[in-house]
Protein chains: 2
Amino acid sequence: MTTNYDFNDRPDAARISLVAGSTGEAEVAELFLNFQWAYREMQRQYDQVLANSGLSESKFIILMFLAQAPQQQLAPSVIADKLGATRATVSKLLKGMVAQAWVARVASPTDKRSTLIQLTAAGQQTVTAFLPHNFAAVQTIMAPLSPAEIDQLNGLLQKINQGTHNLNLELERNQHAK
Amino acid sequence: MTTNYDFNDRPDAARISLVAGSTGEAEVAELFLNFQWAYREMQRQYDQVLANSGLSESKFIILMFLAQAPQQQLAPSVIADKLGATRATVSKLLKGMVAQAWVARVASPTDKRSTLIQLTAAGQQTVTAFLPHNFAAVQTIMAPLSPAEIDQLNGLLQKINQGTHNLNLELERNQHAK
DNA sequence: CTTTTGTAGTTAGCCGGCTAACTACAATGA
DNA sequence: TCATTGTAGTTAGCCGGCTAACTACAAAAG
């Protein structure tokens with residue numbers, strides 16, 4: 001059964017789009033809100049899957065990086081770069097992961113500033129136990145999409161990336177002009 | 001000029017999808033990551049637009065709600081419902097907005113538990129001054145999409161909503177089974 | 001070889017989410 | 001009427017982002 005999963009169960013934020021003026025603006029504003037809504041609901045459920053295993057998304061990804069790394073160890077700065085987060089954020093995450101004993105700190109032999117993060121057996125076990133749940137969740141979320149629709153959506157997301165990039169350029173131009 | 005805005009400028013998180021097993025799984029995992037990426041980059045830029053006016057998205061939406069409300073006042077609980085956030089979160093946001101003098105607290109005449117939130121002239125001015133920037137940003141983000149693509153994307157997002165909903169059902173079933 | 005510049009990591013403090021616990025009051029029911 | 005149950009709002013405390021400031025060390029430049 002394919003019921004309608006439209007955006008009607010959502011709070012009142014959609015009303016904002018009614019403020020739009022000329023033709024076409026309303027549709028664009030509505031799409032923007034739908035995009036935010038779809039992501040946020042999806043992420044809420046996905047976070048719940050992670051939380052059921054005591055994980056957060058970032059901590060899971062860090063465990064994955066370590067599991068795939070040579071000697072299963074990486075420097076915090078490398079983790080930050082791969083994750084796309086700041087060192088400060090990673091530092092805080094690692095603090096928690098050390099406390100959970102999923103990882104351990106090892107002094108770097110080559111650089112006295114650096115400490116390597118080493119995956120522990122417990123961490124290894126946690127991540128491998130979680131992997132099936134992760135892929136099941138992702139499959140479930142994307143299951144309603146046919147292969148053709150997957151391609152379509154990838155293409156449309158790239159267009160949003162382009163729009164984001166254009167907005168970024170505008171902002172930087174305004175910054176400079178100031 | 002329409003350059004390629006693919007997902008190559010992104011950190012290494014995409015490598016995760018290589019762990020997928022059977023055919024089709026990898027494509028789905030990749031789409032999942034692309035979806036997250038597109039949203040997060042978009043949101044980062046949009047938040048920047050808001051921050052340039054000293055606003056956050058939630059505070060802006062609250063100001064919009066108040067501007068449209070009768071007497072330009074609403075109870076915090078009503079704001080929370082419309083916004084789709086908890087009362088605790090709204091309480092914290094309002095605290096900041098009162099400090100900024102965008103809103104003021106007024107005792108409810110009918111319910112001694114409740115305080116109404118009243119939009120001030122300064123708040124009114126802030127939100128009306130920001131509105132054009134908001135719509136310009138949204139238009140820029142979505143500009144690369146044709147009207148037909150907007151329809152397409154709305155449809156695909158609804159399919160993701162359906163997948164999210166299915167995941168939710170699975171989780172609740174597991175909760176009950178336990 | 002010393003000075004400057006850059007890099008690695010942590011900490012403090014802010015933001016905006018959340019849950020849980022608590023107070024004050026309203027509304028319902030025995 | 002009085003007891004119970006429910007609702008409005010705040011606070012405390014946690015999480016995961018961020019920037020800015022700081023220490024320690026490495027690397028490049030003089």
Side-chain angles (χ1 to χ4, degrees), chain A residues 11 13 36-37 39-48 50-63 73-100 103 105-117, chain B residues 11 13 36-37 39-48 50-63 73-100 103 105-117:
Chain A
Q36 289 185 312
W37 173 258
Y39 168 84
R40 289 170 186 174
E41 283 303 294
M42 181 280 282
Q43 191 68 36
R44 195 189 306 276
Q45 289 307 317
Y46 182 55
D47 284 345
Q48 193 54 51
L50 288 149
N52 285 348
S53 298
L55 282 165
S56 71
E57 183 176 0
S58 292
K59 287 179 180 174
F60 166 58
I61 295 175
I62 290 174
L63 289 177
Q73 55 185 20
L74 290 171
S77 55
V78 174
I79 293 174
D81 287 351
K82 288 168 77 84
L83 189 60
T86 62
R87 288 157 199 232
T89 295
V90 168
S91 192
K92 208 192 271 188
L93 292 171
L94 290 176
K95 198 171 173 182
M97 296 173 76
V98 169
Q100 296 264 4
V103 301
R105 294 182 203 273
V106 181
S108 163
T110 67
D111 189 334
K112 284 186 183 174
R113 296 168 300 178
S114 180
T115 52
L116 294 176
I117 301 298
Chain B
Q36 289 185 313
W37 174 258
Y39 168 83
R40 289 169 186 176
E41 283 304 295
M42 181 280 280
Q43 191 68 36
R44 196 189 307 276
Q45 289 307 316
Y46 182 55
D47 285 344
Q48 192 55 51
L50 288 149
N52 285 348
S53 299
L55 282 166
S56 72
E57 183 176 358
S58 292
K59 287 179 180 173
F60 165 58
I61 294 175
I62 290 174
L63 290 178
Q73 56 185 19
L74 291 172
S77 55
V78 174
I79 293 174
D81 287 351
K82 288 167 79 83
L83 189 61
T86 63
R87 289 157 197 230
T89 295
V90 167
S91 192
K92 207 192 271 188
L93 292 171
L94 290 175
K95 198 172 173 182
M97 296 173 75
V98 168
Q100 296 264 3
V103 300
R105 294 183 204 272
V106 181
S108 162
T110 67
D111 188 333
K112 285 186 183 173
R113 296 168 299 178
S114 180
T115 52
L116 294 175
I117 301 298

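First the proteins, then the strands, lettered A, B, ... as listed; each starts at 1. Only heavy atoms go into these numbers, but all of them, side chains included; no hydrogens, no water, no symmetry mates.
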Residue pairs fulfilling salt bridge (charged side-chain N to carboxylate O under 4.0 Å, His left out) with at least one residue in residues 84-100 of chain B, sequence neighbours excluded:
none

A/Leu55 or A/Thr110: which one's nearest nucleotide on DNA chain D is closer to the 5' end?
A/Leu55

Over all strands shown, is A/Thr86 touching base, sugar-phosphate only, or nothing at heavy-atom distances under 4.0 angstrom?
base

DNA chain C: 5'-most and 3'-most nucleotides touching chain B, 4.0 angstrom heavy-atom criterion:
C/dG16 to C/dA26

With sequence neighbours left out, what residues match B/Ser77 under side-chain hydrogen bond (donor to acceptor under 3.5 Å, both in side chains)?
none

Can you find a heavy atom in the side chain of B/Leu63 that is under 4.5 Å from one in the side chain of B/Met97?
yes

Within the 4.0 Å heavy-atom criterion, would you say A/Lys112 contacts the bases, only the backbone, or no part of the nucleic acid?
sugar-phosphate

What pairs with B/Arg105 under salt bridge (Lys or Arg N to Asp or Glu O under 4.0 Å), at least two apart in sequence or on another chain?
none

A/Lys95 vs A/Asp111, nearer the 5' end of DNA chain C by closest nucleotide:
A/Asp111

For A/Arg105, answer base if it contacts any base atom (sugar-phosphate contacts may also be present), sugar-phosphate if it contacts only those atoms, and nothing otherwise; contact means non-hydrogen atoms under 4.0 Å.
sugar-phosphate

Just jot down the salt bridge (Lys or Arg N to Asp or Glu O under 4.0 Å) partners of B/Asp47, sequence neighbours excluded, or say none.
none

Show me the donor-acceptor pairs, under 3.5 Å and distance only, between side chains in residues 53-60 of chain B and residues at least two apart or in other chains.
| unit_1 | atom_1 | unit_2 | atom_2 | d |
| --- | --- | --- | --- | --- |
| B/Ser56 | OG | B/Lys59 | N | 3.3 |
| B/Glu57 | OE1 | A/Gln36 | NE2 | 3.4 |
| B/Glu57 | OE1 | A/Arg40 | NH2 | 2.9 |
| B/Glu57 | OE1 | B/Gln43 | NE2 | 2.7 |
| B/Glu57 | OE2 | A/Gln36 | NE2 | 2.9 |

Contact class for A/Ser108 vs. all strands (heavy atom < 4.0 Å): base, sugar-phosphate, or nothing?
nothing

Which comes earlier along DNA chain C counting from the 5' end, the contact point of A/Arg44 or that of A/Ala75, where each point is its nearest nucleotide?
A/Ala75

Which part of the nucleic acid, if any, lies within contact of A/Thr89, taking any heavy atom under 4.0 Å across all strands shown: a base, the sugar-phosphate backbone alone, or nothing?
base

